[in-house]
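Step one of this worksheet: look at the structure below.
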Amino acid sequence: NPIIELRDVSFSYDEGSEKALDAVSLSVREGDFVGVIGPSGAGKSTLAAMMSGAIPHHYAGKLYGATLVDGHDTCDVTLTDISRIVGSVLQDIDTQMVASVVEDEMLFGLENFGVPRDKIEERLAGALDAVGIAGLRNREIATLSGGQKQKVAIAAILALEPRVLVLDEPTAALDPASSRHVFDTLHEVNERMGITVVVIEQKVALLSEYCGRIVVLDHGRVAFEGTPHEVFSHG
Ligand code: ADP
Ligand code: ADP
């Protein structure tokens with residue numbers, strides 16, 4: 001069964017405005033590594049918001065169709081329930097992160113999720129390790145590079161043990177080498193931990209190399225979907 005499924009989903013933020021998503025049907029299976037690409041305004045961030053339950057729980061608007069997360073219609077469950085399955089890393093990680101020290105950022109989510117005291121250290125250290133930033137544990141987030149910050153945001157979500165990780169342009173502010181490091185991390189998370197990855201990304205080379213499947217959005221619609229070879233040789 002798909003872990004996330006959109007069934008004929010249309011959404012507009014405002015009554016009468018253009019649809020940000022227009023009749024999107026899409027399945028993400030457990031273990032997938034899916035890339036989402038498309039021009040600015042295509043609906044990529046809206047798709048991420050739909051998959052992570054921010055729509056309908058955070059945004060008002062006109063919504064048609066259904067989004068199922070692990071079989072549950074996101075309209076019928078709480079955002080907290082959804083967040084235990086889908087962890088999302090927003091585009092603007094500076095607004096997502098709440099603490100000033102890496103360790104505190106990690107603790108914030110773990111405590112919020114009610115993780116038992118005796119499990120917290122293992123989860124915290126494990127997630128930092130999985131992302132390869134154990135050495136940053138006591139650093140001030142403000143002093144980190146963009147790539148390091150991305151990894152902290154990813155680790156903080158991973159510590160909560162989601163089954164799906166949704167990332168909105170994690171490499172947007174990064175140079176090519178750091179972008180590659182972030183994708184290497186996502187690859188590890190996908191392969192070793194079996195976590196499903198959905199990543200919005202504009203760099204075709206990264207998508208080609210790392211993703212099993214690519215979804216091309218345009219004007220709120222799925223314009224094309226397939227393997228990197230199918231998508232990029234299609235033109
Ligand atoms: P991107 O194209 O990289 O997704 P945008 O500039 O479209 O970035 O959007 C940046 C932020 O502004 C997002 O959080 C998005 O939800 C929000 N946003 C985009 N368009 C509008 C709009 N017309 N009204 C209000 N917020 C918007
Ligand atoms: P992308 O991420 O592909 O750039 P978005 O999902 O951000 O696309 O935007 C899709 C459409 O929805 C755009 O027309 C954008 O202006 C609009 N939009 C996005 N976020 C908001 C928002 N918070 N409020 C109103 N309109 C928005």
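All of these numbers come straight from a predicted model, not from anything done at the bench. Just follow the structure's listing: the first ligand is 1, and inside any ligand the first atom is 1. Values reported hereafter were calculated over all heavy atoms of this structure, with side chains retained and with hydrogens, waters and symmetry mates removed.
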Pair Asp168 + Lys44, salt bridge at N-O below 4.0 Å: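 Salt bridge between Asp168 and Lys44, a charged N being under 4.0 Å from a carboxylate O: no.
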salt_bridge(Arg139, Glu103) N-O dist < 4.0 Å: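 No, this pair does not count.
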Can you list the ligand 2 atoms lying under 4.0 Å from a non-hydrogen atom of [X]?
X	value
Ser45	1 (P), 2 (O), 6 (O), 7 (O)
Lys44	1 (P), 2 (O), 3 (O), 4 (O), 6 (O), 8 (O)
Thr46	5 (P), 6 (O), 9 (O), 10 (C)
Ala20	10 (C), 11 (C), 12 (O)
Pro39	3 (O)

Greater than 12 external heavy atoms within 6.0 Å of Asn1's CG: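 It does not: Asn1 CG has 12 such atoms or fewer within range.
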Contact check: Asp14 vs ligand 2, nitrogen or oxygen atoms, below 3.5 angstrom: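 The answer is no, given that Asp14 and ligand 2 share no N or O pair closer than 3.5 Å.
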Contact (N/O only, under 3.5 Å) between Ala42 and ligand 2: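 In this structure, Ala42 places an N or O atom under 3.5 Å from an N or O of ligand 2.
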Which segment of Ser17 sits under 4.0 Å of ligand 2 when only heavy atoms are counted: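 The answer is neither.
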ILVMFWY network linking Ile82 to Val89, side-chain heavy atoms under 4.5 angstrom: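 Not linked; separate clusters.
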Side-chain heavy-atom pair Leu158, Leu165 within 4.5 angstrom cut-off: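 The answer is yes; the side chains approach within 4.5 Å.
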Best match, Tyr13, Phe11, Tyr59: closest heavy atom to atom 17 (C) of ligand 2: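 Among Tyr13, Phe11, Tyr59, the closest heavy atom to atom 17 (C) of ligand 2 comes from Tyr13.
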contact_flag Gly43 ligand 2 heavy-atom lt 4.0 Å: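 Judged by the 4.0 Å heavy-atom criterion, Gly43 does count as contacting ligand 2.
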Over all atoms of both residues, closest heavy-atom pair of Gly87 and Ile157: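 Heavy atoms only, the tightest pair is CA-CG2, 3.5 Å.
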Check: Tyr64 ring centre within less than 6.0 Å of Phe11 ring centre: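 Centroid distance Tyr64-Phe11: not below 6.0 Å, so no.
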